[in-house]
Amino acid sequence: MADTRPGAALAEVAPPVERPGDLAGLLRPHAGSFAALVVLQVIGAVAGLAPLLAVVELGRVLLAPGPADPGRVWLVVLAGVAGLLVQLLFTAASSAIGHLLDGRVQLAFRRRLAAHLGRVPIGWFSRRRTGELAKVVGEDVSAVHPFIAHTPAELVSAFVVPLVSLVYLFTVDWRLTLITLIPVLVAVATVPLMMTAARQREQREFDAAMGRIAGSVVEFVQGIAVVKAFGGADRTHRRFVTATDEFAGTFLRWARGLAPIAAAMQTALSPPFVLLVVLAGGTALIAGGGLAPADLLPFLLLGLGLTAPVAALGHGFDAMRAAWRAVGRIRDVLAVEPLPEPARPAEPRGHRVELRGVRFGYDAEREVLRGIDLTLEPGTVTAIVGPSGSGKSTLVQLLPRFFDPTHGSITLGGVDLRELGGDRLYRTVSFVFQDIRLLRASVTDNIALAVPGAHPDQVERAARLAGVHDRVLRLPRGYDTVLDEEARLSRGEAQRIAIARALLADTPVLVLDEATAFADPQTEQAVRHALATLRAGRTIVVIAHRMETIADADTVVMLDDGSVIERGTPAELLRRNGRFAAFWRSQRGDEAR
Amino acid sequence: MIRMLLRVLGHQYAGPVRRTVALMMATAIVEGLSYALLVPVLRALFGGDVAGARPWLAAFAAGVAIYAALRYVSDLSGFRAGTTLLRGTYRRLGDHLARLPIGWYAPARVGEVSLLAGRGVQQAMSVIAHLLSPYVSAAVTPLAIVAVMLAFDWRMGLAALLAAPLVAAIQLWTGRATAAADAERHRRDQDATARVIEYLQAQPVLRAGGRTAERFGLLDDALDELRRSSRRTMVSALPGILGLSLTVQAVLTALLVLGTYLALGGAIGPAELLAILVLAARCADPLLSLGEIGGQARGARAELAKLDTVLRTPPLPEPPDPVRPERHDLELDAVSFRHGDRLVLDGLSLAVPEGRRLAVVGPSGAGKSTLLQLLARFHDVDAGAVRIGGVDVRDVDTQDLMSRFAIVFQDVYLFDGTIEDNVRLGRPGATESEVRAAASAARLDEVIARLPDGWATPVGEGGALLSGGERQRVSIARALLKDAPVVLLDEVTSALDPVNEAAVHAGIERLMAGRTVVMVAHRLSTIRHADRIAFLDGGRIVEAGTHDELLRLGGRYAAYWEISMTPAD
């Protein structure tokens with residue numbers, strides 16, 4: 001039997017124990033597993049040399065004059081096989097630990113990011129693209145995967161194994177060891193050639209051309225509906241094709257410049273070339289009598305491994321560099337200052353809201369609110385009107401603390417909003433804004449968002465008041481229907497769900513933007529109902545969209561360019577014959593036509 | 001996978017890719033065969049015959065030189081093929097996207113496709129470009145080496161050959177086993193991303209409900225689910241990777257044991273044995289790398305599959321002999337249209353004479369917006385016909401058709417450019433004074449006067465830096481500038497407050513003057529002046545007439561009017 005209590009799907013989970021801190025703090029609990037992973041990897045990789053050494057020993061025994069001792073031969077073979085087995089087991093165990101650890105670390109990172117994003121000022125989001133933030137939580141965290149799951153193994157096989165081999169080879173013959181290193185030196189010598197100014201310029205051009213392609217394709221796709229409707233599809237399409245062709249040219253230039261050097265490097269590191277060098281050197285040394293033929297074997301078998309570090313430097317670290325950049329973006333998000341919470345939250349007395357000398361700007365140059373003084377009395381409706389860009393939306397967004405004012409203060413029941421705990425604030429102020437966001441959860445959960453324990457009857461009552469109950473009953477599973485998954489609602493219906501949410505929350509202060517009230521007549525009616533029902537004893541602020549709301553308001557505040565230019569009862573303002581009166585007459589005249 | 005790649009590329013771009021693959025195979029074969037020369041070199045050296053080793057060594061050096069030359073050529077060819085791949089894919093994608101019906105571009109699609117086109121293509125192509133050479137070399141070189149081994153000692157060669165079918169079978173099996181897990185993981189990934197976006201966008205309400213991250217179970221569940229599915233992916237890939245290592249190492253062991261046995265019995269010379277074991281060791285690394293390459297290739301395959309799906313979506317057919325409509329009256333003739341399995345319009349017929357205004361009213365989901373979209377051929381109808389000036393829209397060239405419509409929607413898309421760029425989109429060739437005139441007619445001039453950089457003010461992604469009313473004015477100015485004979489309006493003023501609405505209305509009135517207009521509106525006061533009103537419900541017209549006629553009729557429209565006029569009680 002499914003749990004049908006409101007809020008069951010949103011039920012609390014245990015809060016993670018980690019305290020705010022840097023990424024290192026998140027990694028510390030996993031240090032033990034990480035160490036185990038590295039140790040297992042080192043043992044496994046070094047054991048992987050055993051079969052090669054067994055072949056070397058086998059050669060020494062078989063090439064020695066006289067009949068070979070079968071017991072000793074089989075012992076060598078056995079040691080080699082054992083080494084293979086150890087390698088298999090240990091590297092597999094290390095890899096498994098790495099992947100499990102990776103999963104845990106990613107989960108911890110994501111939880112940490114989500115918790116942090118739940119505390120930054122809401123206004124901060126409006127300046128970011130949601131997609132980019134989602135990318136940090138999703139992809140960028142995934143980008144640490146190679147760091148934990150693959151990098152240790154790569155580093156061990158790129159550096160530890162060659163080092164062990166090198167030491168061993170030196171004990172066999174130092175001259176041939178040096179000869180074996182020749183390909184490595186040749187490869188290293190090509191590196192500066194790749195870093196010349198011309199090469200780097202080509203690399204930058206390449207990156208830029210790649211970026212232009214991505215940019216033009218995104219523009220092409222995102223604007224396509226508009227562009228096609230305006231008959232401009234050809235132009236953006238051409239721009240896109242030009243970017244692609246340009247890229248192809250840049251790419252070929254880049255490739256032609258780089259290809260000979262890259263080929264030289266790759267050839268130097270390739271197994272045939274390394275074997276050739278070893279054989280040539282070995283032949284010379286054997287001819288001079290300075291080297292036993294059997295001692296050539298270890299170089300043929302282990303010599304190839306010496307090139308691993310250079311090969312890894314060549315391209316193996318691309319993923320690591322990408323991971324570093326991703327970690328940088330994660331840190332940037334975690335570095336955003338959360339909205340300060342008071343150490344000792346104060347208790348408001350009553351629900352009078354007062355704005356004193358409130359100034360606010362999204363950036364330093366452009367002030368949106370220029371000194372607003374306003375008192376919102378409990379039990380009254382204040383309608384805010386004004387032309388586009390006058391600061392209406394910004395003003396009402398300060399009440400639920402999407403932003404803090406840059407100057408001045410907003411108090412609720414005599415307490416500055418900044419002194420009020422977040423919980424307390426949201427239990428006091430509810431709001432219905434323009435962009436309604438429904439959750440992919442049941443209708444009940446959506447309505448009972450702020451009151452998780454609400455009784456189904458209460459939820460239904462709120463839905464009835466908001467005029468959406470009948471619509472909900474027509475959904476496939478009524479109140480249990482998961483929105484966006486099993487059914488979609490129109491804008492007006494979504495708006496009514498949001499109103500039901502506010503009605504159920506039943507807070508003493510309500511901030512309302514009537515914006516989508518006209519989605520359809522039912523929604524318009526729901527807004528009217530809500531205002532009438534909630535009026536008693538509450539502090540209501542509404543960005544008015546309907547003339548009736550304005551007429552019924554206790555106070556009308558007319559904003560222009562971030563300042564209050566007129567305020568008073570509708571009747572007073574009409575008598576004053578100012579801006580509001582002019583606006584009112586233009587509207588009425590329009591309607592009567 | 002290669003087959004899907006070639007299909008995505010289309011025929012004209014496939015050639016260079018095939019050539020490159022052939023060159024890479026030749027390189028790998030030369031590498032493997034050149035190792036054959038190691039055997040006589042080693043036999044001579046281990047036998048103490050240094051002089052006898054020298055000619056063979058010289059031959060090996062020649063082999064290495066051929067290998068290096070081939071490799072250089074195939075690398076260059078690979079670069080060229082990489083460019084072709086990218087350019088070809090982009091070209092095909094671009095051409096195709098331009099021909100898809102506008103209706104296909106639902107908001108979710110746009111995000112998906114721009115991600116696919118932006119990063120997906122580059123990722124898929126670069127992975128293929130980077131993996132192709134190692135993959136070919138890892139698969140072909142060991143085979144060539146085994147051939148060499150067979151030539152020198154059939155028993156040892158046969159033992160090594162045993163590995164080939166096993167490795168192939170394991171590769172195939174791993175591919176299948178992980179494909180399912182990958183698909184599930186991808187689904188979880190998307191689910192988690194959707195939850196993260198929801199969590200971010202719903203921050204205001206979530207905080208109002210006291211739901212911080214720890215308490216928003218839906219997100220946390222999705223994140224945890226993600227971890228579990230990634231663990232499942234690993235568990236399902238593990239047997240394959242382990243199996244591959246196990247097979248390769250078992251064969252190495254077998255060769256070691258068999259060789260030792262043969263050597264002790266005198267059936268093979270120690271020099272030959274050692275040479276063959278050196279060759280065997282040369283096979284192991286490339287084979288083991290096959291597992292890793294396979295994993296990376298699967299990631300690219302997912303992107304390729306998405307690309308393939310988009311490219312296989314049928315585009316809007318263009319008429320072979322386009323007809324130019326002479327008039328601009330509109331007609332829907334018994335039109336039916338399905339969206340998925342839902343019948344949105346059901347045999348709907350209506351006509352708008354040239355220069356007249358039709359208002360479409362009705363409850364949510366009645367098919368009002370769809371009706372507008374069909375007029376501008378965002379989709380093709382399933383039955384019936386849409387005509388402009390008596391000509392079926394399917395017989396009109398798309399560009400020509402679009403040039404006849406000015407469309408103002410409720411959700412305005414603005415480019416991430418300046419206000420001027422966005423207005424000019426209406427008619428790129430317009431003169432300075434025409435642009436200014438359109439702006440003042442839409443009362444956009446007062447908005448521009450207030451902005452810090454005036455006309456050059458950037459509007460932000462999708463117009464985010466402007467308010468709803470301001471965006472709407474930009475789109476009206478754009479439509480005015482376009483000066484098209486037919487105007488389609490979709491709930492233009494529904495989200496505006498009275499002050500902005502007055503401004504927008506003035507612009508709309510100028511836009512509608514003397515043109516054929518179809519408007520969808522919920523605010524009954526804004527539509528009462530239309531020449532004709534159609535009340536839509538369930539994909540059919542239930543009432544039609546003038547405002548006064550419909551009120552007298554006392555039906556659905558009258559009831560609607562009633563609700564919006566009654567004061568709240």
Side-chain angles (χ1 to χ4, degrees), chain A residues 10-13 15 55 59 62-63 77 81 84 88 99 103 107 110 114-115 118 122 130 133-134 137-138 214 217-218 221 225-226 228-231 233 237 240 244 248 251 255 259 263 267 272 276 283 286-287 293 300 387-388 426 437 449-450 490 515-516 518 520-521 528-529 532 545 587, chain B residues 45-46 50 53 64 67-68 72 76 79 83 87 90 94 98 102 105 113-114 117-118 193 196-197 200-203 208-209 212-215 217 220 223 227 230-231 234 245 249 253 260 270 274 277-278 364 399 402-403 407 413 425 467 469-470 494-495 497 499-500 522-523 560 563-564 568:
Chain A
L10 308 163
E12 292 191 23
V13 295
V55 174
L62 289 179
L63 289 176
V77 170
V81 174
L84 277 179
L88 186 67
H99 280 85
L107 182 61
R110 293 202 169 102
I122 287 188
T130 315
L133 284 177
V137 180
V217 72
V218 168
V221 174
V226 176
K228 281 184 96 165
F230 282 95
H237 187 201
F240 170 58
T244 341
F251 183 82
T267 308
L276 181 65
T283 308
I286 292 171
L300 292 173
S388 175
Y426 291 123
R437 176 72 211 197
L449 190 70
S490 73
T516 50
F518 301 115
D520 49 50
R528 289 210 307 275
H529 266 301
H545 289 240
Q587 284 291 303
Chain B
L45 283 179
F46 291 153
V50 177
V64 172
Y67 160 78
Y72 177 66
L76 261 190
F79 278 133
T83 327
R87 177 152 61 167
Y90 271 128
I102 298 184
Y105 291 95
V113 171
S114 51
T193 307
V196 169
I197 288 178
L200 295 174
Q201 291 182 340
Q203 273 302 308
T212 48
E214 302 89 68
R215 299 185 57 210
D220 205 74
L223 294 182
R227 175 182 65 138
S230 97
R231 192 161 56 195
M234 188 203 71
S245 313
Q249 300 194 343
T253 309
T260 308
L274 293 172
L277 286 179
V278 167
S364 309
Q399 291 257 13
M402 287 304 169
S403 71
I407 310 173
Y413 179 86
L425 183 68
S467 76
E470 289 165 344
S494 72
D497 59 276
V499 180
N500 281 304
H522 287 305
R523 275 205 102 171
Y560 239 55
I563 299 184
S564 64

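Numbers restart at 1 for each chain; the letters A, B, ... are given by sequence-line order, proteins then strands.
Considering CG of A:Leu300 and CG of B:Leu274, their distance stands at 10.0 Å, rounded to 0.5 Å.
Checked against salt bridge (charged side-chain N to carboxylate O under 4.0 Å, His left out), B:Arg227 has the following partners two or more places apart in sequence or in another chain: B:Asp224.
Note on A:Ala263, A:Pro272, A:Gly103: by heavy-atom pairs under 4.5 Å with chain B, the leading option is A:Pro272. With chain A as partner, the option from B:Ala68, B:Ala53, B:Gly94 having the largest number of non-hydrogen pairs under 4.5 angstrom is B:Gly94. When the candidates A:Thr267, A:Val81, A:Leu276, A:Thr283 are compared by the number of heavy-atom contacts under 4.5 Å with chain B, A:Leu276 comes out ahead.
Residue contact with chain B, scored on non-hydrogen atoms closer than 4.5 Å, involves the backbone and the side chain of A:Val77 alike. For a residue to count as touching a neighbouring chain, one of its non-hydrogen atoms must lie under 4.5 Å from one of that chain's; by this rule B:Tyr67 touches chain A with the side chain only. For a residue to count as touching a neighbouring chain, one of its non-hydrogen atoms must lie under 4.5 Å from one of that chain's; by this rule B:Leu76 touches chain A with the side chain only.
Across every non-hydrogen atom of B:Gln249 and A:Leu84, the tightest pair is OE1-O, 3.2 Å.
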